[in-house]
Amino acid sequence: MTEKTPTLDTASESKYRIIGKRVDRYDAADKVTGQAVYGADVHPSNLLYGKVLRSPHAHARILSIDTSAAEALEGVHAVITGADLPSVSDRIVDLGETATSLRYQSDNILAKDKALYFGHAIAAVSATQPYIAEEAVSLIKVEYEILPPVLDVRKAMRPDSTLLHDDIFTDELGQKSTQASNVASHIRHAQGDVEAGFRQADVIIEHEFETTMVHQGYIEPHNATAIYNPSGQITIWCSTQGSFGVRSQTSDVLDVPISSVHVIPTEIGGGFGGKNSIYLEPLAVLLSKKSNNRPVKLTMTRAESLAATGPTSGSYIRVKLGADANGHLTAAKLYLAYEAGAFPGSPVGSAAGSMISEYRISNVLIDGYDVVVNKPRTEAYRAPGTSNAVFAVETVVDELCEKLGMDPIAFRLLNAAKEGDRRPDGPTHPRIGFIETLQAAQSHDHYQTPLDGKYRGRGVACGYWGNWGGRSSVSASMNADGTISLITGSIDLSGTRTTTAMQLAETLGIDLEDIVPQVADTNSVSNTEGTYGSRTTFATGWAAHKLGCKLIDAVKERAALLWDIPVDTVDYEDGCIFSKANRLTFKDISKYLDETGGPLMVSATSFEGGHGPSATTHIVDVEVDPDTGKVDILRYTAIQDVGKAIHPDFVEGQIQGGVVQGIGWALNEGYFYNDEGQLLNANFLDYRMPTFLDVPMIEAVLVEVSNPRHPYGVRGVGEVPIVPPPAAVANAIHDAIGVRLTALPMSPARVLEAVWEQTPSAYLG
Amino acid sequence: MSQRIHVQTEINGEAQDFLCDPRESLLDVLRNTMGLTGAKEGCRNGNCGACNVIMDGILVNSCLVLAVEAEGSSITTVEGINTPVGLHLIQQKYMDHAALQCGICTLGLIVATKALLDHNPAPTEHDVRLWLAGNLCRCTGYDKIVRAVLDAAEAMRENV
């Protein structure tokens, strides 16, 4: 059977047997009973526990490290420092959604000459008990020369700023500059003539925005358990979004052959982009090597997770938009300065590619800067870099609508990009469903129902995200009873074993119960990129479809042998193999495997383009307490083009979860550093993520504009839901109290200050 | 090496004893000594609820209970929520409503839900949100969990 030719599918419910059904999730029972094994649950025989010593300074030269007292403590087996890591070259390593130099990756894992942020790893210890390891790290004496911390992105960009690195020379639009700088790179996207565009405009709005670092906030902190065995074979168990990424990064940092590293991924307690890079894995390996080959487990505390793993960038953004009197956008000029943290690699590039791409604008100029500061190295976070940029863009769009006296959805419909329009960063839009989400929003009960009440307001904001495809590998073995063991390399964060199996079952025309999916380790399946970029149901699902086609070809060949007829006279449909005279079910062929050649196993991979971008429109109602500045979310509706929802519950869950993360980003979450660069809120009480009490039910409306370039119309769904919430909430706050907030988070203090600024009498009570 | 202390307790209906260091938390002993890894460590300071267990009828964060305090107490962990014939209705409803994604917070939430419904068999949506506000979930946005808990409450009332 040839692969299904992707066609534009109108997403009719009846078309599929399994796709689109709210089936049971394969791994759910283990996850409600406590049987599912997460990284910290792994307990190999003879286990030791590790602990990392971290820098209390944001910027300091390491003059000396004395580990003798720690080594002398009873129960301690090994102590390592940056000197134990091999020196590595400057080549680029892929971290999944981001990339960095191998030297920077190594320096981030253990500081060598300088500590570059509060929490930077300095040394690590293994001991018989976790509390002995904790005591041991407190006995390590580090002599620091404290340097001035660089904490503000704009100050960091000045030529006279203190430098974090003496070897960063700005990549200025592709040309290396000759003077060392904290600006790692300057990118630009230009389309049309932006100044001419502003001359055509009747209304021009320009604002500056500032946002702080925020963290993915997965509930499970990072962990790694490793054995370096006497033959030099390395086994790592860890919670990661991508086991193959852990394998290649660990092999790079430790300078060992990739084949010597075996990664066994466990269940993972959330990632959202933050578990692509390695942090603890090489430390656990080195500690095991120095601890007489005993396995070593490292787990981060919550404080370590917040202070020393990658949040996403804080930023300084300027947005200038122009529109003519009819409401057509004529020009956009955007300036983005993103904190990369201690090493280059902020998501300023992906922000520039997504922040305004859902609009059709002839004249656009986007300048983006990747800037190092003395804060943790940033990592991907759900639609990396885009929520804060869209907060800026969609706030200005809202003000344009206000000035033009236009309905915010009507304005966006007028300017919405569609298939064939060119994005400011170059690519041409394939079929996208932005207009469909706007139309659905316009007619939705939420938008049609008037909002009454003082201090209440409604906001609208939209978002766009490009999504990703990438490499995926799967294999299938037929069991003795005709069921299929499905092996996938994709880490399952939220049900992708099931959505992958659903696409295979659909292709084969068999029952979902006849497929047993499993996530495999790096020795059991081929290269598979991490679960990021909203790629897994798209790309691994595509691989599963190819796998199904190969399985159909294989069982047809077996049947031809069995029936002793030419294979081209054998057909397959709805789970049955048949010829003019014969008929067998897919499962029945299992009875005849030995007489037709033996065991049946096939594999398939995908490495496709065609990942359909996502677009979404959000509506939110808020109520502002004028006495406290607290903002309550009254109602929230998120309308998203989801391509084809393979499992609608899971898609709704992605949207609801992304929206609530976005609400947290909007209202409360943010890193607070003191002037010395020490993180003041490295715990979940003060890094205030939304609780059950902070949000209402989140209505997710699935608009299915099939992705014509996927066999089942799938487009990624996981990331774009986090894009509009900060802007939507800001626009609702403006509607409620008439104030435009231009900084995140829009905490009670910020809201109250804005109210007082606007109405000084309110301050006087 | 400090003096280790002998603690006698009941876990999930069975008499258990263990030796612990005075500074160890109940969470550490459950996970590292007793092998009951259903209680998860998310924050180690009582902010996330992933380590929830029921101790003498009261919902606690086991990371904030010293192991020695468990002397003479009766503890229910998520491993003790199942009924002899299979999943508890609460667990079944979490599955039915797809009220979990990564699952790391789910176990603490199921214990917290059990404690809620033991106290209040007919909670409102607000009651559910208030009671569970000590349990952070970062994946779901809470919507499907609230629905699962309300549905579990109704099903359990009908089952009585």
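Lettering follows sequence order; numbering is per chain, from 1.
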Backbone of A/Met697 reached by a side-chain donor or acceptor of B/Asp143 within 3.5 Å: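 No, B/Asp143 side chain to A/Met697 backbone: no donor-acceptor pair under 3.5 Å.
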
B/Arg31 side chain to A/Ala40 backbone, donor-acceptor under 3.5 Å: yes

Heavy-atom distances under 4.5 Å only: say whether [X] touches chain B with side chain, backbone, both or neither.
| X | result |
| --- | --- |
| A/Ile219 | both |
| A/Pro696 | backbone |
| A/Val695 | both |
| A/Ala29 | both |
| A/Gln654 | both |

Heavy-atom check, side chain of A/Gln661 versus side chain of B/Arg138, under 4.5 Å: yes

Heavy-atom side-chain contact between B/Leu100 and A/Lys31 under 4.5 Å: yes

Which of the residues [options] is involved in the greatest number of heavy-atom pairs with chain A at under 4.5 angstrom?
| options | result |
| --- | --- |
| B/Gly42, B/Cys43, B/Gly103 | B/Gly42 |
| B/Cys139, B/Ala98, B/Gly38 | B/Cys139 |
| B/Gly141, B/Cys102, B/Cys137, B/Ala99 | B/Cys102 |

For A/Gly34 against B/Val78, the heavy-atom pair lying closest together: CA-CG1, 4.2 Å

Full working for salt bridge (Lys or Arg N to Asp or Glu O under 4.0 Å) between A/Glu134 and B/Arg23: CA-CA 12 Å; A/Glu134 245 171 78; B/Arg23 60 186 139 182; over 6 Å; no

Proximity breakdown for B/Gln92 and chain A, heavy-atom pairs closer than 4.5 Å: neither

Salt bridge (Lys or Arg N to Asp or Glu O under 4.0 Å) against A/Arg22, all qualifying residues, sequence neighbours excluded: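 With neighbours one apart ignored, the set is A/Asp649, A/Glu652.
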
Close approach to chain A in residues 52-71 of chain B, criterion heavy atom under 4.5 Å: none

Residue-level interface, residues 125-136 of chain B with chain A, non-hydrogen cut-off under 4.5 Å: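 If one takes a 4.5 Å heavy-atom cut-off, the residues of residues 125-136 of chain B near chain A are B/Glu125, B/His126, B/Arg129, B/Leu130, B/Leu132, B/Ala133, B/Asn135, B/Leu136.
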
Worked verdict on B/Lys40 versus A/Glu267 for salt bridge (Lys or Arg N to Asp or Glu O under 4.0 Å): CA-CA 13 Å; B/Lys40 303 299 181 190; A/Glu267 299 297 338; over 6 Å; no

Qualifying ring-ring contact (aromatic ring centres under 6.0 Å, His included) pairs, either residue in residues 82-107 of chain B, two or more places apart: none

